[in-house]
Amino acid sequence: MRLAPFELLVPASLDEAFEALARGGVPIAGGTDLLPTLKQRRWRPERLVSLHRLAVLQAEHVEGEGLVLGALRSLAEVASSPLVAEHAPMVAQAAAAGASPQLREMGTLGGNLNLDPRCRYVNQSQFWRGALGGCLKSEGDVCHVVPSGKRCVAAMSSDLAPALIALDASVTLASMRGARTLRLDDYYRADGTANTTRAPDELLIAVRVPFATGPRRTTYVKWRPRKSIDFPLVALAIRVDLAEAGVSRVCVVANVLGAKPKVVGRLDRFAGRALDAALAAEVAEVVFEQCKPLPNVPWDPAHRRELHRVLTRRALEELARR
């Protein structure tokens, strides 16, 4: 599959990049997700804007009571960073779980947060899609996953998004119109055709992760058929804050269910409980009740749903032993 022709711009400053985006350019960093999409002819931008010369996007530093990571940090750099390991170990864990060593050297933090939602009916060649008649996300007007649905339910497959949402991270976006900051959870929308609130002329500049204010245990759980290359088919970011009286907060964020990561609700009732096997089993049941996979990725939805229960329970039991 050959790429369609496009113009490549390589700005040397943020202002030049903003100007290029305002003229319809599409940002490209590592390209590990974008280039396969272009080869499948699911998107045909006339102009790509390379970000590799923008050193400001490589930032990594402590700012106030939080850790700031530039959007151009590679997954390998995030996974191996001493600062990330100290202040947000689940983020390092999630970055290390992404793809393969080669792809982690190319893929970036910003790119992983902006992965195009995937679906078994659209991540195919143009010829394959044409035989099916297209879908809401590509050349058609029907969703083959939910035929009566009006919204694309392609699955968000980012490893870093659920981990960062669980840690209350925020993102900074900027354009020629100025800058704005919003919670990462608010950055996403439940529509696979356009699953972020980023305007076409905006660039994701950095991510900020606030420091823990007390004892905390976290883990990122990823299940896929192969332990490298594959996107996650189950992704769970789990955070437990602790106090003298026991658990003060349990947070579980699941991904690969739809176009937006899902923050599991009704977990406040576990405050004050001991972090033990009983709590692990009860939280796992809540996750099982609320996480209902669709046939949008190539694996049995019922099996994936059961894995949400099993993997949550095992993860919390492991956190209890730490």
Side-chain angles (χ1 to χ4, degrees), residues 18 21 26-27 29 33 57 59 63-73 78 84 87-88 90-91 94-95 108-118 137 149-213 216 218 220 232 235-239 241 249-268 286-287 290-292 296:
F18 295 154
L21 294 177
V26 172
D33 184 60
L57 301 184
E63 184 177 282
E65 295 300 313
L67 175 64
V68 175
L69 299 171
L72 210 58
R73 302 293 292 175
V78 174
V84 178
H87 297 293
M90 180 164 56
V91 175
T108 63
L109 169 60
N112 193 262
L113 293 180
N114 286 285
L115 283 178
D116 190 36
R118 301 180 61 79
K137 194 170 171 63
K150 302 300 182 183
R151 239 180 219 184
C152 171
V153 294
M156 176 58 163
S157 300
S158 167
D159 288 296
L160 286 168
L164 287 165
I165 289 173
L167 296 176
D168 300 322
S170 59
V171 292
T172 298
L173 304 169
S175 69
M176 294 178 68
R177 296 175 286 113
R180 63 189 178 111
T181 298
L182 68 162
R183 295 171 60 248
L184 183 58
D185 188 33
D186 296 330
Y187 180 62
Y188 294 108
R189 303 190 305 180
D191 186 348
T193 61
N195 79 317
T196 75
T197 59
R198 183 181 69 85
D201 65 336
E202 285 185 307
L203 192 62
L204 196 156
I205 300 295
V207 177
R208 185 180 186 277
V209 188
F211 295 155
T213 56
R216 175 182 292 171
T218 62
Y220 175 68
L236 294 161
I238 301 175
R239 163 187 168 182
D241 291 346
R249 179 184 176 188
V250 178
C251 177
V252 178
V253 182
N255 211 6
V256 207
L257 296 171
K260 177 177 179 174
K262 179 179 180 60
V263 179
V264 176
R266 303 198 304 272
L267 297 180
D268 292 346
V286 176
V287 173
Q290 296 186 33
C291 296
K292 301 175 181 179
N296 49 6

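Only this structure's heavy atoms are used, side chains among them; waters, hydrogens and symmetry mates stay out.
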For the residue pair L67 and V91, establish whether any side-chain heavy-atom pair is separated by less than 4.5 Å. no
>> With side-chain contact (heavy atoms from CB on, under 4.5 Å) as the criterion, how do L184 and V207 come out once you've worked through the C-alpha distance, each side chain's angles and the decisive distance to 0.1 Å?
In response: CA-CA 9 Å; L184 183 58; V207 177; 5.7 Å; no
Residues passing the side-chain hydrogen bond (donor to acceptor under 3.5 Å, both in side chains) test with S175, sequence neighbours excluded, are none
Hey, does R239 have a side-chain heavy atom less than 4.5 Å from the side chain of D241?
-> yes
Closest non-hydrogen contact found for A161 with M156 is CB-CE, 4.4 Å
side-chain contact (heavy atoms from CB on, under 4.5 Å) filter on S170, not counting sequence neighbours, yields T181, R208
Residue set satisfying side-chain hydrogen bond (donor to acceptor under 3.5 Å, both in side chains) with T197, at least two apart, ordered chain then number -> none
With sequence neighbours left out, the residues meeting side-chain contact (heavy atoms from CB on, under 4.5 Å) with A95 are V78, A79, L160
With sequence neighbours left out, the residues meeting salt bridge (Lys or Arg N to Asp or Glu O under 4.0 Å) with R151 are none
A166 meets the side-chain contact (heavy atoms from CB on, under 4.5 Å) criterion, sequence neighbours left out, with M90, A237, C251, V253
By side-chain contact (heavy atoms from CB on, under 4.5 Å), A212 pairs with (sequence neighbours left out) R216
dist E202:CD -> L21:CG (nearest 0.5 Å) comes out at 10.0 Å
CG (D191) and NZ (K137) are apart, to the nearest 0.5 Å, by 8.5 Å
ring-ring contact (aromatic ring centres under 6.0 Å, His included) pairs touching residues 188-212, sequence neighbours excluded, are H87-F211
Minimal heavy-atom distance between A259 and P117, with the atoms involved, is CB-CG, 4.4 Å
Quick one: does L113's side chain get under 4.5 Å of L164's, heavy atoms only? yes
Note: L109 and G70 closest approach over all heavy atoms is CD2-O, 3.6 Å
Side chain to side chain, V84 and R73, heavy atoms closer than 4.5 Å:
no
Residues passing the side-chain hydrogen bond (donor to acceptor under 3.5 Å, both in side chains) test with S158, sequence neighbours excluded, are N112
D185 meets the side-chain hydrogen bond (donor to acceptor under 3.5 Å, both in side chains) criterion, sequence neighbours left out, with none
Note: Y220 and P162 closest approach over all heavy atoms is CE1-CG, 4.0 Å
task = Kindly indicate whether the side chain of V286, heavy atoms from C-beta on, has any atom under 4.5 Å from the side chain of L267.
result = yes
Does the D33 side chain pair with the main chain of L115, one donor and one acceptor, at a distance under 3.5 Å? no
Distance col, row R249:CZ vs D268:CG, nearest 0.5 angstrom, shows 8.5 Å
dist L204:CG -> T196:OG1 (nearest 0.5 Å) comes out at 9.0 Å
So salt bridge (charged side-chain N to carboxylate O under 4.0 Å, His left out) across residues 169-179, not counting sequence neighbours, yields R177-D201
Does any part of the side chain of L57, heavy atoms only, come nearer than 4.5 Å to the side chain of L203, both counted from C-beta? yes
Taking every heavy atom of V256 against every heavy atom of A235, the minimum-distance pair comes out as CG2-CB, 4.1 Å
Q.
For the backbone of P232 and the side chain of D159, can you confirm whether one donor and one acceptor N or O come within less than 3.5 Å of each other?
A. no
By salt bridge (Lys or Arg N to Asp or Glu O under 4.0 Å), R189 pairs with (sequence neighbours left out) none
Practice prompt. Please examine the side chains of L182 and L173, heavy atoms only from C-beta on, and report whether any two atoms are closer than 4.5 Å.
Written response: yes
CD1 of I205 to CG of L72, rounded to nearest 0.5 Å, is 10.0 Å
Q. Between K262 and C291, is there a donor-acceptor pair closer than 3.5 Å when you use the side chain of the first and the backbone of the second?
A. no
